[in-house]
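What follows is a single structure, written as structure tokens, with notes after it.
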There are 2 protein chains.
Amino acid sequence: MSDTKQRLLDGAMETLRKQGIAGVSARNIAGQAGVNQALIFYHFGSVDDLLVAACTAATGERVAAYRERFATVGSLRELLEVGRALHEEERDLGNVAVLAQMLAGAQHDEKLARVTAETLGMWTAEIESVLHRVLAGSPFAEMADVPGLAAAISASFVGLELCEGVDRPGAQRAMAALEQLGALLEVVEELGPVARRALRSKVSKAAARRG
Amino acid sequence: MSDTKQRLLDGAMETLRKQGIAGVSARNIAGQAGVNQALIFYHFGSVDDLLVAACTAATGERVAAYRERFATVGSLRELLEVGRALHEEERDLGNVAVLAQMLAGAQHDEKLARVTAETLGMWTAEIESVLHRVLAGSPFAEMADVPGLAAAISASFVGLELCEGVDRPGAQRAMAALEQLGALLEVVEELGPVARRALRSKVSKAAARRG
DNA sequence: GTCTATAGCTGGATAGAC
DNA sequence: GTCTATCCAGCTATAGAC
């Protein structure tokens, strides 16, 4: 990978971070990367294609960096703790913001939508594998839709990041509330058989209502 | 309110809906509204100010329209059901998408950030008041941070909307998983005193860890 | 209040020198 | 591979006729 290509990939991410999807342009990215604007078209063909390439490359790196940390998680509470730490670090690095901006842009950009779905999928798959491990042998494992739960967690983090940008105290309170919910789930895991049966029945009924 | 001003307000929302925050421009909005582009500056001063005005006006209308429906909610499960119905309707109308685009734009636009925080706050306040009513007399009421929970629910809906744009099946599965979680909370509400004490203790410990 | 016209800028993208 | 120069479209915003 030539130095210029790498600088452009980094510059694209940095621009998305600092200026958002509305601020992405060939000139902004080239300025951030410290290279000539025309090189974007020489190396990547278009701004859109550079953005796609940059998102693909960046996410692979981040997920790999966190895989190790996810591997140490052994309970729901720990998952939420690691999740919060991860969210805070990634937020400070600006990476959750990048994903949020990608998602916003992807709503009206087919190519960006494809790569963003992949990016999101990488995180969700990581969360899902942790959930499977953490929920092994718990009453949830037999009734919960683990992939669905993983997707819900991903989505919530994205939403929290965006909300944090306009109301930081509110978002932090929301994160704390989700941790309370995690603590609650742990208690449910330790329920006796009667309550467990009632639980399963209720959840089944809810599933039936959805059809 | 003159017809032109109203057309511009509607046109701004419609543009945000159809083209996203990156597609917002005086020409796009005026085209959508079917009026001359220069009138934006005559009536609102700038595109940014029009956007702010439009968001303010539109949200007030939507929240008022749903207040009645929220008022009939009497349980957590019902809240999730109304929430899902509301989300589907608002999604089809494109209103959640508008909020998501506003949040994305607000990350790098001070004026938009202020009005978006207000918009988000209106929805969160509505959810919060329902939560207070629904949780009255339940074990949650004494320990849960209801405003935090309301903020978490708002944030999750925003995240789900964005994720739905790139992975609809995944987002729908996530929504279903959240409903399972709601069914679960209802069971917890019916716990006996022993489990309830254990629950409170766990949640307190989690709170202490957060410091 | 609404229009046309336009200034002045920034955008994507390309041609062609080196 | 990288640069300069440039085209043309689209952008915000204003001036001035009506």
Side-chain angles (χ1 to χ4, degrees), chain A residues 1-55 57 101-102 104-115, chain B residues 1-55 57 101-102 104-115:
Chain A
M1 174 78 71
S2 75
D3 184 52
T4 298
K5 278 185 94 164
Q6 189 58 54
R7 289 174 73 91
L8 282 171
L9 291 170
D10 295 343
M13 284 296 102
E14 196 61 16
T15 303
L16 207 50
R17 225 186 304 280
K18 286 185 181 163
Q19 307 198 240
I21 188 72
V24 166
S25 77
R27 286 171 153 86
N28 280 346
I29 293 172
Q32 183 67 48
V35 307
N36 189 285
Q37 171 259 149
L39 293 174
I40 287 174
F41 305 96
Y42 175 77
H43 284 292
F44 296 95
S46 74
V47 173
D48 204 43
D49 289 336
L50 164 56
L51 209 52
V52 166
C55 294
Q101 293 294 323
M102 282 167 64
Q107 310 293 313
H108 305 91
D109 178 337
E110 186 57 43
K111 268 191 254 180
L112 196 54
R114 269 198 297 275
V115 68
Chain B
M1 174 78 71
S2 75
D3 184 52
T4 297
K5 278 185 95 164
Q6 189 57 54
R7 290 174 71 90
L8 282 171
L9 291 171
D10 296 342
M13 284 295 102
E14 196 62 15
T15 302
L16 208 49
R17 224 186 304 281
K18 288 184 180 165
Q19 307 199 239
I21 188 71
V24 165
S25 76
R27 284 169 150 83
N28 281 346
I29 294 172
Q32 182 68 47
V35 307
N36 190 285
Q37 169 259 150
L39 292 173
I40 287 174
F41 305 95
Y42 175 79
H43 284 291
F44 296 95
S46 72
V47 173
D48 204 43
D49 288 338
L50 165 56
L51 208 53
V52 166
C55 294
Q101 293 294 324
M102 282 168 65
Q107 309 294 313
H108 305 92
D109 179 335
E110 186 57 43
K111 267 192 256 181
L112 196 54
R114 270 197 297 273
V115 68

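Order of the sequence lines fixes the chain letters, A, B, ..., with proteins taken first and strands second; residue numbering starts at 1 for each chain. Model, not experiment: these values are computed from the prediction. The basis for the numbers below is simple: all heavy atoms, side chains too, and nothing from hydrogens, waters or symmetry mates.
- In this structure, A:F41 places its CZ atom 18 Å from P of D:dG1, rounding to the nearest Å.
- In this structure, the CD1 atom of A:I29 is 12 Å from the C1' atom of C:dG12, given to the nearest Å.
- Judged by distance alone, the side chain of B:Q101 and the main-chain N or O of B:I21 form a donor-acceptor pair under 3.5 Å.
- The distance between atom CG of B:D48 and atom C1' of D:dC11, rounded to the nearest whole Å, is 14 Å.
- Of all heavy-atom pairs between A:A26 and A:V47, the closest is CB-CG2, 3.6 Å.
- The nearest whole Å value for the distance from the CG atom in A:L51 to the C1' atom in C:dG11 is 15 Å.
- Between B:S46 and B:F41, the shortest heavy-atom contact is CA-CD2, 4.1 Å.
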Compile the donor-acceptor pairs under 3.5 Å between side chains in residues 104-115 of chain B and protein atoms, sequence neighbours left out, one pair per line.
from, atom 1, to, atom 2, distance (Å)
B:Q107, NE2, A:L162, O, 2.8
B:Q107, NE2, B:L103, O, 2.9
B:H108, NE2, A:R17, O, 3.0
B:H108, NE2, A:K18, O, 3.4
B:D109, OD1, B:K111, N, 3.2
B:D109, OD1, B:L112, N, 3.1
B:K111, NZ, B:D49, OD1, 2.8

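- Atom CG of A:D49 is separated from atom P of C:dG12 by 13 Å (rounded to the nearest Å).
- Nearest nucleotide to the side chain of B:S25, out of C:dG11, D:dT12, D:dA13: D:dT12.
- Looking at B:L16 and B:M13, their side chains come closer than 4.5 Å, going by heavy atoms from C-beta outward.
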Expected rows: protein N/O vs nucleotides 2-6 of chain C N/O, under 3.5 Å:
from, atom 1, to, atom 2, distance (Å)
C:dT2, OP1, B:T4, OG1, 2.8
C:dT2, OP2, B:T4, OG1, 3.4
C:dT2, OP2, B:H43, NE2, 2.9
C:dT4, OP2, B:N36, ND2, 3.4

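- Using a 4.5 Å cut-off on side-chain heavy atoms (C-beta onward), A:L9 and A:F44 make contact.
- Atom CZ in B:F44 sits about 15 Å away from atom P in D:dT12, given to the nearest Å.
- Rounded to whole angstrom, the span from the CD1 atom of B:I40 across to the P atom of D:dT14 amounts to 13 Å.
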